[in-house]
Amino acid sequence: MDSNVLLAEAKEFEQDIVSWRRFLHAHPETGFDLAETKEYVKKKLTEMGYDPVDCGRSGVVVLAGKGTGKTFMVRADMDALPVKEEADVDFPSQHEGKMHACGHDMHTAMLLGAARLLKKHEDEIEGTVKLCFQPAEEIFEGSHDMIESGLLKNPDVDAALMIHVMAGVPFPEGSVIVSGGGVSAPAADYFRIHIQGKGCHGAMPQLGVDPITIAAHIVTALQELHARELAMADEAALTFGLMQAGAVENVIPDTAVLGGTIRTYDDEVRAQLKERMTEMAASIAKAFRGEAEVTFTSGCPTLFNNAELSEEVTVYCRELLGPQKAFSTAQITAMSGASKASKSTGSEDFSYVSHEVPAIMLALAAGEPAKGYCYPQHHPMVKFAEEVLAPGSCVYAYTAMRWLEEHK
């Protein structure tokens, strides 16, 4: 496969990719509720000559290639965030309170672009490329749901790749950073702590059990876990983002609710934090004559990058984009003068795939601060450079074809 030919072809239909992205951006949907998004993706794939197959609650899969040999999977996530858009764009969200603030509209449009390229060169594919359009990444449930529904089977996936666009980063648009071998993103767990007290008049606190006081002590105490129960080398974060209790100034309520998230890079640390959070919350509540129960809701494991696949994909990206626009994390670390490679602190549910098959995560620079792309993902004013859509489509298609060619 000639990389220059692929880049030229993607450039020819770049405006189609842009139009796909703008439609998706203007019609954001969240979680598994992606009816309009899914219909749009399936329509475009059908127009290209594919036969889209439903996978799980809202996922879509198509296959490109000869149907023999190994299988390489490329994934794009489709869901948006429950964020009110404030970005100054000509195609703003038409769904109040929802926004593609993490760039999943970019990912989906790029994978559609890759689908068109792969269909054109289907006779040259030395195996099968499985294109995965995934829901519910933001709630860490979509990948697992699709795997449980057979995503990695029929045909069995031998290796997998994902791309994430990054805004507000000091790299030229279209630059690719390939994760090195090992963990690059933390495990994530969301939690709720339900505190049961006893309501009473605010002027007679001795007649009740104050859940707000209990909540305050739990918040303070659990922050000490990192300071006093984890080693210096243990990287973890425990954040409270929700505190709800009461509705009237002079009434002690019956209950209070705390909510938050923990992020860890080590399974033992993850288990230790969850165990101690449960024990401490119950004990603190009991000390103040109340009760507390910790519930862990959605989450995902660490994202593990295969070292051999990392080296191979780095080579492919340099072939496609040139050495000035394709970097390994080791290169970035050396250029920055840091003592070790930095890890992403944002979790990613592609991690479920990475624990099943050799997998790799790529970052695609999609906006420099010097050019006005000043806000990061999940910010209501974030914007992404559309110049990266065509080369991003090529990265999906070329890396898959090259890997299959070398592993036929």
Side-chain angles (χ1 to χ4, degrees), residues 21 24-38 40-41 55-60 74-87 92-111 132-149 151 160 162-168 184-192 237 239-242 259-264 296-303 344-354 359 361-364 366 375-384:
R21 183 266 166 146
L24 293 165
H25 187 89
H27 301 84
E29 297 175 293
T30 57
F32 287 103
D33 299 323
L34 306 182
E36 190 172 11
T37 301
K38 181 179 175 180
Y40 185 81
V41 167
C55 182
R57 292 170 62 183
S58 300
V60 177
V74 284
R75 185 217 74 168
D77 34 16
M78 302 186 291
D79 57 320
L81 284 159
V83 172
K84 179 178 172 60
E85 181 161 36
E86 298 177 12
S93 169
Q94 297 177 22
H95 296 173
E96 183 67 27
K98 296 179 182 179
M99 176 193 177
H100 270 294
C102 200
H104 295 186
D105 54 333
M106 301 280 286
H107 303 163
T108 302
M110 291 190 301
L111 195 56
C132 165
F133 295 85
Q134 181 207 304
E137 190 282 325
E138 294 294 354
I139 58 174
F140 305 135
E141 294 181 14
S143 180
H144 184 262
D145 177 70
M146 291 187 75
I147 291 171
E148 290 292 299
S149 300
L151 173 66
M162 64 156 285
I163 298 175
H164 205 305
V165 292
M166 305 293 287
S184 66
D189 291 282
Y190 288 110
F191 64 85
R192 286 290 177 100
T239 297
F240 285 93
L242 172 73
T261 182
I262 58 173
R263 306 295 167 107
T264 53
F296 292 93
T297 55
S298 60
C300 65
T302 54
L303 195 157
S344 167
T345 55
S347 300
E348 163 61 65
D349 84 344
F350 184 72
S351 57
Y352 284 108
V353 173
S354 78
M361 175 181 180
L362 310 185
L364 177 64
Y375 298 96
Q377 289 81 252
H378 289 222
H379 194 285
M381 294 182 69
V382 67
K383 295 191 292 185
F384 299 93

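Everything numeric in this text was worked out from a predicted model, so none of it was measured.
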(request) Just jot down the ring pair (Phe, Tyr, Trp, His ring centres under 6.0 Å) partners of F32, sequence neighbours excluded, or say none. (result) none

(request) Show the numbers, then the answer: is there a side chain to side chain contact (heavy atoms under 4.5 Å, CB included) between M162 and V74? (result) CA-CA 6 Å; M162 64 156 285; V74 284; over 6 Å; no

(request) Heavy atoms only: give me the nearest H100-P28 pair and the separation to one decimal. (result) CD2-CB, 3.8 Å

(request) Apply ring pair (Phe, Tyr, Trp, His ring centres under 6.0 Å) to F191 and list each qualifying residue two or more places apart in sequence or on a separate chain. (result) F240

(request) Kindly indicate whether the side chain of M78, heavy atoms from C-beta on, has any atom under 4.5 Å from the side chain of V41. (result) yes

(request) Output all residues satisfying side-chain contact (heavy atoms from CB on, under 4.5 Å) with P186, sequence neighbours left out; order by chain, then residue number. (result) R263, Y265, S347

(message) Taking side chain to side chain donor-acceptor pair (under 3.5 Å) as the definition, give me every residue that meets it alongside T37, ordered by chain and number, with sequence neighbours left out.
(response) E29

(message) Which heavy atom of C132 sits nearest to which heavy atom of L111, and what is that distance?
(response) O-CD2, 3.4 Å

(message) Once side-chain contact (heavy atoms from CB on, under 4.5 Å) is applied, do any residues pair with H144, and if so which ones, sequence neighbours excluded?
(response) E148, Y352

(message) Test of understanding: with salt bridge (charged side-chain N to carboxylate O under 4.0 Å, His left out), list the residues that count as partners of K38, not counting sequence neighbours.
(response) D54

(request) Show the numbers, then the answer: is there a salt bridge (charged side-chain N to carboxylate O under 4.0 Å, His left out) between D145 and R57? (result) CA-CA 7 Å; D145 177 70; R57 292 170 62 183; 5.2 Å; no

(request) Any chance you could measure I262, atom CD1, to Y190, atom OH, to the nearest 0.5 Å? (result) 11.5 Å

(request) Sequence neighbours left out, what passes side chain to side chain donor-acceptor pair (under 3.5 Å) with E137? Give chain and number order. (result) none

(request) Work out which heavy atom in V382 is nearest to a heavy atom in A167; give both atom names and the distance. (result) CG2-CB, 3.9 Å

(message) The criterion is ring pair (Phe, Tyr, Trp, His ring centres under 6.0 Å); which residues satisfy it with H378, sequence neighbours excluded?
(response) none

(message) Under the rule for salt bridge (charged side-chain N to carboxylate O under 4.0 Å, His left out), what residues qualify as partners of D77, not counting sequence neighbours?
(response) R75

(message) Has S351 got a side-chain atom pairing as donor or acceptor with P301's backbone, closer than 3.5 angstrom?
(response) yes

(request) Just do the side chain to side chain contact (heavy atoms under 4.5 Å, CB included) check on D189 and T261 with the steps written out, would you? (result) CA-CA 6 Å; D189 291 282; T261 182; 5.7 Å; no

(request) Compare all side-chain heavy atoms of C102 with those of E138 and state whether any distance is below 4.5 angstrom. (result) yes

(message) I'd like to check the side-chain contact (heavy atoms from CB on, under 4.5 Å) partners of P380; sequence neighbours left out, ordered by chain and number.
(response) V83, E86

(request) Rounded to the nearest 0.5 Å, what's the gap from CE on M146 to CG on L151? Could you check? (result) 5.0 Å

(request) Determine the sole option in S58, C55, S143 for which the side-chain contact (heavy atoms from CB on, under 4.5 Å) test with P135 is passed. (result) S58

(message) Test side chain to side chain contact (heavy atoms under 4.5 Å, CB included) on D79 and T30; report intermediate values, then the result.
(response) CA-CA 5 Å; D79 57 320; T30 57; 5.6 Å; no

(request) Under the ring pair (Phe, Tyr, Trp, His ring centres under 6.0 Å) rule, collect the residues that match up with H107, sequence neighbours excluded. (result) H104, H164

(message) Using a 3.5 Å distance criterion without hydrogens, assess whether the side chain of T302 forms a donor-acceptor pair with backbone atoms of A187.
(response) no

(request) For side chain to side chain contact (heavy atoms under 4.5 Å, CB included), just list the numbers for E348 and C300, CA-CA rounded to whole Å, side-chain angles, deciding distance to a tenth of an Å, and then say yes or no. (result) CA-CA 7 Å; E348 163 61 65; C300 65; over 6 Å; no

(message) Can you give me the closest heavy-atom contact between F384 and Q377, atom names plus distance?
(response) CE2-OE1, 3.9 Å

(request) With sequence neighbours left out, write down each residue that passes side-chain contact (heavy atoms from CB on, under 4.5 Å) with A87, or none if nothing qualifies. (result) E85, V89, M99, K383

(request) Examine the side chains of D349 and Q134 and answer whether a donor and an acceptor come within less than 3.5 Å of each other. (result) yes

(request) Taking all non-hydrogen atoms of both residues into account, name the closest pair between G259 and R192 and its distance. (result) CA-CD, 4.0 Å

